[in-house]
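To start, the structure under review is shown below, and the notes come after it.
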Protein chains: 2
Amino acid sequence: MVKKKDQSTEERILASAKKIFVEKGMAGARMQDIADDAGINKALLHYYFRSKEKLFEVIFKEAAARLFPTIVNILNADLPLFDKLRRFTNDYLEIVIENPYLPLFVLNEINKQPHAFSKKVFGNNRPPIHKLAEQIEKEIRKKTIRPISPAHLVMNMMSMCVFPFLGKPMIQLSMNIDDAQFRNLMEERKTMIADFIIASIKK
Amino acid sequence: MVKKKDQSTEERILASAKKIFVEKGMAGARMQDIADDAGINKALLHYYFRSKEKLFEVIFKEAAARLFPTIVNILNADLPLFDKLRRFTNDYLEIVIENPYLPLFVLNEINKQPHAFSKKVFGNNRPPIHKLAEQIEKEIRKKTIRPISPAHLVMNMMSMCVFPFLGKPMIQLSMNIDDAQFRNLMEERKTMIADFIIASIKK
DNA sequence: ATATACTTTAACCAAATGGTTAACAAAAGT
DNA sequence: ACTTTTGTTAACCATTTGGTTAAAGTATAT
């Protein structure tokens, strides 16, 4: 990697570590690869971050911190249901479009370290989907939307937002599109997903 | 692992390899772990399957073979659009419910070896989503469904089918449900997803 | 200038890991 | 009966890998 003068050594390490970890996962990543990519000696990695595990944790937490808090805020926001749906899909896609490889990275490592990391990410407070769920139930009672299980509705929304990024390579392969076209599609989804959901549930 | 007499050594190796590979991924899996799990000597692994890579390839291909061909068949089937949607979501979920860890495994490894494996899986013939896409366009022209980008519609359907299995641990955490309850939810989705889609697009 | 703390490196180390070898046991041909 | 093939093992090997050390360079403060 090109040595960027204006970046401190620590910043360069973090950038390279993120790149390698995201690319190969915790188990597949090699400390030497990270050192090489950062243009430094391997021992320096251990000088700045004591172990592979510690370095990984920093990267993982940063990745998770970029993915989750926004969700929580929107879910907790005081907005009418449809506005909340639009806002969630739009904001969430905005984040993920800029970090297309984060979802698979995070999901994958959570799967491999379910107990260890899941609590490290959001401590004891789980993502407050129940608030959105209650809101949905309320609208159903008011008969502004048709009856639908809140759990499934939330899952559908999350699915449509996140999945395309998890399956990006496969999607690109099967649709035969390049990165720019893929990004374009994802931009469209910012509004498309909410439209799709609302069309399905609105009475 | 308990030695199952009625299983041949090769079968036991494959079962253990699948378990370990799916759990830890190619990079994280250890040959010794597989040997231990199968209750045999490590050298036997190399006797039956020459290398870790070869063994992995067998497992990966088997996993991919369980996930993809059914998709292709349904997509190619000669059915009215709505029937096809219902059939796809139902059949696909049936497969994945029985193999909940396959999607993440396959997706993850494809991401790490995009070129090598993607072609090994479906050779040169990509999944024929264009046939379904044409079918959707036809219905739009007939005005039986509202205008929607076929690409997005297909992506939505795939997303809602697959994502819950990719995010299983996170979903279970945030909804506080056990395996049985999760499975129940997924059973519901067999019909729910198609209902949801059709409600959104039907005119 | 000099002592002090911070950075960086090359060389080294022990453990882990994928893979091999040689010998032995069990089946299967003949 | 005996030879060949197949299945299985313990011991071993080379390489990789995360991690350490000791020394040297560099800035900073006094």
Side-chain angles (χ1 to χ4, degrees), chain A residues 1-62 105 108-109 112-113 116-117 120, chain B residues 1-62 105 108-109 112-113 116-117 120:
Chain A
M1 190 183 203
V2 187
K3 239 187 187 178
K4 286 163 196 164
K5 256 201 200 159
D6 39 21
Q7 254 183 330
S8 75
T9 304
E10 190 172 346
E11 281 169 332
R12 258 186 306 144
I13 292 177
L14 284 173
S16 297
K18 180 180 171 180
K19 179 178 151 193
I20 303 290
F21 275 134
V22 165
E23 204 171 292
K24 314 213 175 175
M26 160 69 165
R30 296 294 102 125
M31 292 298 264
Q32 189 61 61
D33 295 345
I34 297 172
D36 290 351
D37 190 275
I40 56 159
N41 190 286
K42 187 171 56 115
L44 251 197
L45 290 184
H46 290 90
Y47 174 76
Y48 278 93
F49 306 88
R50 260 181 45 204
S51 66
K52 185 185 182 184
E53 227 175 315
K54 290 245 198 282
L55 177 55
F56 177 79
E57 206 173 308
V58 172
I59 300 298
F60 181 82
K61 277 189 175 165
E62 198 209 290
F105 171 66
N108 200 35
E109 300 298 338
K112 259 151 213 160
Q113 311 254 358
F117 281 118
K120 274 181 188 167
Chain B
M1 190 183 206
V2 187
K3 239 187 187 177
K4 287 164 195 163
K5 257 197 195 162
D6 38 23
Q7 253 183 330
S8 76
T9 303
E10 190 173 347
E11 280 169 332
R12 259 187 305 144
I13 292 177
L14 285 173
S16 297
K18 179 179 170 180
K19 179 178 150 192
I20 302 290
F21 275 134
V22 165
E23 205 171 293
K24 316 215 174 174
M26 161 68 165
R30 297 295 102 125
M31 293 297 265
Q32 189 62 61
D33 294 346
I34 297 173
D36 289 351
D37 190 274
I40 55 159
N41 190 288
K42 188 172 57 120
L44 250 198
L45 290 183
H46 290 89
Y47 175 76
Y48 279 93
F49 307 87
R50 260 181 46 204
S51 66
K52 187 185 180 183
E53 226 174 319
K54 290 244 197 282
L55 177 54
F56 177 80
E57 206 172 310
V58 172
I59 300 298
F60 181 82
K61 277 189 175 163
E62 197 209 290
F105 171 65
N108 201 33
E109 300 298 336
K112 259 151 212 160
Q113 311 253 358
F117 281 118
K120 272 181 189 166

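Quick caveat, the model's predicted, so the values are computed rather than measured.
- In this structure, B:K24 atom NZ and C:dA16 atom P are separated by 14 Å, rounded to whole Å.
- When heavy atoms are screened at a 4.0 angstrom cut-off, B:A35 is found touching no nucleic acid atom at all.
- In this structure, A:H46 and A:M31 have side chains that are in contact, with non-hydrogen atoms separated by less than 4.5 Å.
- Rounding to whole angstrom units, CE of residue B:M31 and P of D:dT16 are separated by 17 Å.
- In the set C:dG19, C:dT9, D:dA10, the nucleotide with an atom closest to the side chain of B:A43 is D:dA10.
- To the nearest 0.5 Å, the span separating CZ on A:F49 from CG on A:L44 amounts to 10.5 Å.
- Taking only distance into account, the side chain of A:K52 never meets the base of D:dG19 through a donor-acceptor pair shorter than 3.5 Å.
- Looking only at distances, no side-chain donor or acceptor of B:E10 sits under 3.5 Å from a matching main-chain atom of B:Y48.
- Between A:Q32 atom CD and D:dG19 atom P the separation is 13 Å, expressed in whole Å.
- A:K54 places its NZ atom 14 Å from the C1' atom of D:dG18, with the value rounded to the nearest Å.
- For the pair A:E109 and A:F56, the minimum side-chain heavy-atom distance is below 4.5 Å.
- Following rounding to the nearest Å, B:H46 (NE2) and C:dG18 (P) show an atom-to-atom distance of 8 Å.
- B:S51 is linked by a side-chain contact (heavy atoms from CB on, under 4.5 Å) to B:E53, B:K54, counting only residues two or more places apart in sequence or in another chain.
- Once rounded to the nearest 0.5 Å, the distance linking CD of A:Q32 with CD1 of A:I34 reads 10.0 Å.
- Rounded to whole Å, atom C1' of C:dG18 lies 11 Å from atom CZ of B:F21.
- Computed from coordinates, the A:L45 CG to D:dT17 C1' distance equals 13 Å when rounded to whole Å.
- We find that CD of B:E53 is positioned 12 Å from P of C:dG18, with the value rounded to whole Å.
- Residue B:R30 places at least one side-chain N or O closer than 4.0 Å to OP1 or OP2 of C:dG18.
- Here B:A29 lies in heavy-atom contact (under 4.0 Å) with sugar-phosphate atoms only.
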What N/O pairs connect the protein and nucleotides 5-8 of chain C at under 3.5 Å? Give each pair on its own line.
from  : atom 1 : to    : atom 2 : distance (Å)
C:dT7 : OP2    : A:Y47 : OH     : 3.3
C:dT8 : OP1    : A:T9  : OG1    : 3.1
C:dT8 : OP2    : A:T9  : OG1    : 3.1
C:dT8 : OP2    : A:Y48 : OH     : 2.8

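- Applying salt bridge (Lys or Arg N to Asp or Glu O under 4.0 Å) to B:D37 and the options B:R12, B:K19, B:K42 leaves one that passes, B:K19.
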